[in-house]
Amino acid sequence: MNRYLPVARQHFLAALASTSVVVKAISAAVVLLYLLSWALDTSYALGVTPGYLFPPNFWVWTLVTHGLVEQHAWGVAASVGTVMTCGRLLEPLWGALELLIFFAVVNVSAGVLAGLSYLLTYVATFDLDFLFAVRIYGAAGFLGGVLVALKQTMGDTTVLRVPQVRLKAAPALVLLLLALLRLSGLLDSCAPLAAYSYGALSGWVYLRFYQRHSRGRGDMSDHFAFASFFPEAVQPVVGLLAGLVHAALVKIKVCRKMVKRYDVGAPSSITISLPGTDPQDAERRRQLALKALNERLKRVEDQSAWPSMDDEEDEEDDEVRTDTQPLLSGGRDASSSTQRTSGGPAGASPSSATQSGGTASSGGVQHSESSIITFEDASSRS
């Protein structure tokens with residue numbers, strides 16, 4: 001075990017060095033706050049407490065800091081690993097600024113929604129523990145948003161082969177795992193489960209309707225619909241309910257309506273597209289497919305070398321020069337063959353005789369017959 005630790009440390013430092021300033025800053029803040037938690041109760045001062053979040057206390061800074069607070073070493077490892085995964089997989093597609101915006105949107109939204117949930121629970125039960133005994137902190141909310149983003153960009157990637165699990169099923173599986181841990185008593189409260197749920201929901205809403213990219217805003221493709229997060233058996237029912245909620249949100253102008261765009265100037269009749277159907281992840285997939293195709297073509301070329309067009313042209317030129325050289329070598333031209341024709345058989349045509357006479361008068365010198373063109377006397381029959 002000890003011999004693998006230096007290798008793991010080396011790989012971790014190399015991966016951290018290749019990330020941006022945003023990833024390094026978030027990771028450093030998580031580690032520093034964890035070290036500070038040994039001396040202070042950082043979950044109370046920097047975590048979201050529902051009773052202190054809303055007026056009259058209004059501890060709004062906790063909405064920004066609660067995602068950086070950790071109390072255990074395994075929590076620090078999970079938080080730093082989540083941020084570094086974003087740096088390796090999402091930051092090349094979005095950029096450092098967009099990653100920072102996504103981090104802020106998911107954490108703030110998860111803190112507000114989780115705090116409201118506990119406030120409503122207090123209203124229903126009048127139990128003050130739901131207001132002042134609950135601490136919402138950690139990377140659970142951001143983890144939910146990251147898994148949703150990975151489902152959008154690379155959902156078809158296989159995570160496990162036996163049993164076969166694709167990345168698009170990861171958000172639902174992690175939610176089920178957290179629920180089982182809470183039911184078994186391994187989680188002290190429902191705060192991580194609530195933070196994860198609202199983080200995934202807020203991340204989906206942001207990516208679905210508000211994220212800006214080269215094609216506009218949002219991603220309205222079918223594979224990223226809300227119903228796609230559920231099993232196929234219940235997707236029709238969930239899709240119907242989600243459609244009703246979306247229609248209500250459109251009426252109060254919280255979400256925007258799906259608008260079809262018609263490109264009548266396209267070369268093939270009419271092209272219909274939806275906003276977000278061609279996001280940046282589609283460009284990334286095309287680049288990966290093009291890279292794979294180039295590698296296959298390179299392997300085929302290495303196995304069977306194809307002659308180039310330049311080599312074929314050079315060979316054709318050499319053949320032409322070889323064929324014409326006996327006719328034109330030594331300053332001879334077509335006059336030598338015509339002069340030889342003038343001394344040919346008597347049965348030659350008058351045009352040939354006329355041509356040979358004119359050529360002989362202009363040439364003035366008899367040449368040896370060509371090695372390529374020869375004439376034979378026809379056999380005379382009585």
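Starting from 1, each residue takes its place in the sequence as its number.
Hydrophobic clustering keeps Val146 apart from Leu176 (ILVMFWY residues linked when any side-chain heavy atoms are closer than 4.5 Å, directly or through intermediates).
Within 6.0 Å of CH2 on Trp74 lie no more than 12 heavy atoms contributed by other residues, nucleotides or ligands. Atom CZ of Phe54 has more than 12 neighbouring heavy atoms from other residues, nucleotides or ligands inside a 6.0 Å radius. Within 6.0 Å of the CG atom in Asn294, the count of heavy atoms belonging to other residues, nucleotides or ligands exceeds 12.
Glu70 has its side chain out of reach of Leu33: every pair of non-hydrogen atoms, C-beta onward, lies at least 4.5 Å apart. Using a 4.5 Å heavy-atom cutoff, the side chains of Glu98 and Ile101 are in contact.
With Ser184 contributing its side chain and Leu181 its backbone, the two residues share a donor-acceptor pair below 3.5 Å. Using modelled atom types, no side-chain atom of Arg208 and backbone atom of Gly203 make a donor-acceptor pair closer than 3.5 Å. Remark: the backbone N or O of Pro171 is paired with a side-chain donor or acceptor of Tyr196 at under 3.5 angstrom. Between the His66 side chain and the Leu46 main chain, no donor and acceptor come within less than 3.5 Å of each other. Ser202 contributes a side-chain N or O that, together with a main-chain N or O of Gly199, makes up a donor-acceptor pair within less than 3.5 Å. The backbone N or O of Ser117 lies less than 3.5 Å from a partner atom in the side chain of Thr121, making a donor-acceptor pair. Proximity of a side-chain donor or acceptor of Trp59 to a complementary backbone N or O of Ala45 within less than 3.5 Å is not detected.
Here the closest non-hydrogen pair linking Trp94 and Ala149 is CH2-CB, 3.6 Å.
Exactly one of Asp127, Leu128, Asp129 qualifies for a side chain to side chain contact (heavy atoms under 4.5 Å, CB included) with Thr125. That residue is Asp127.
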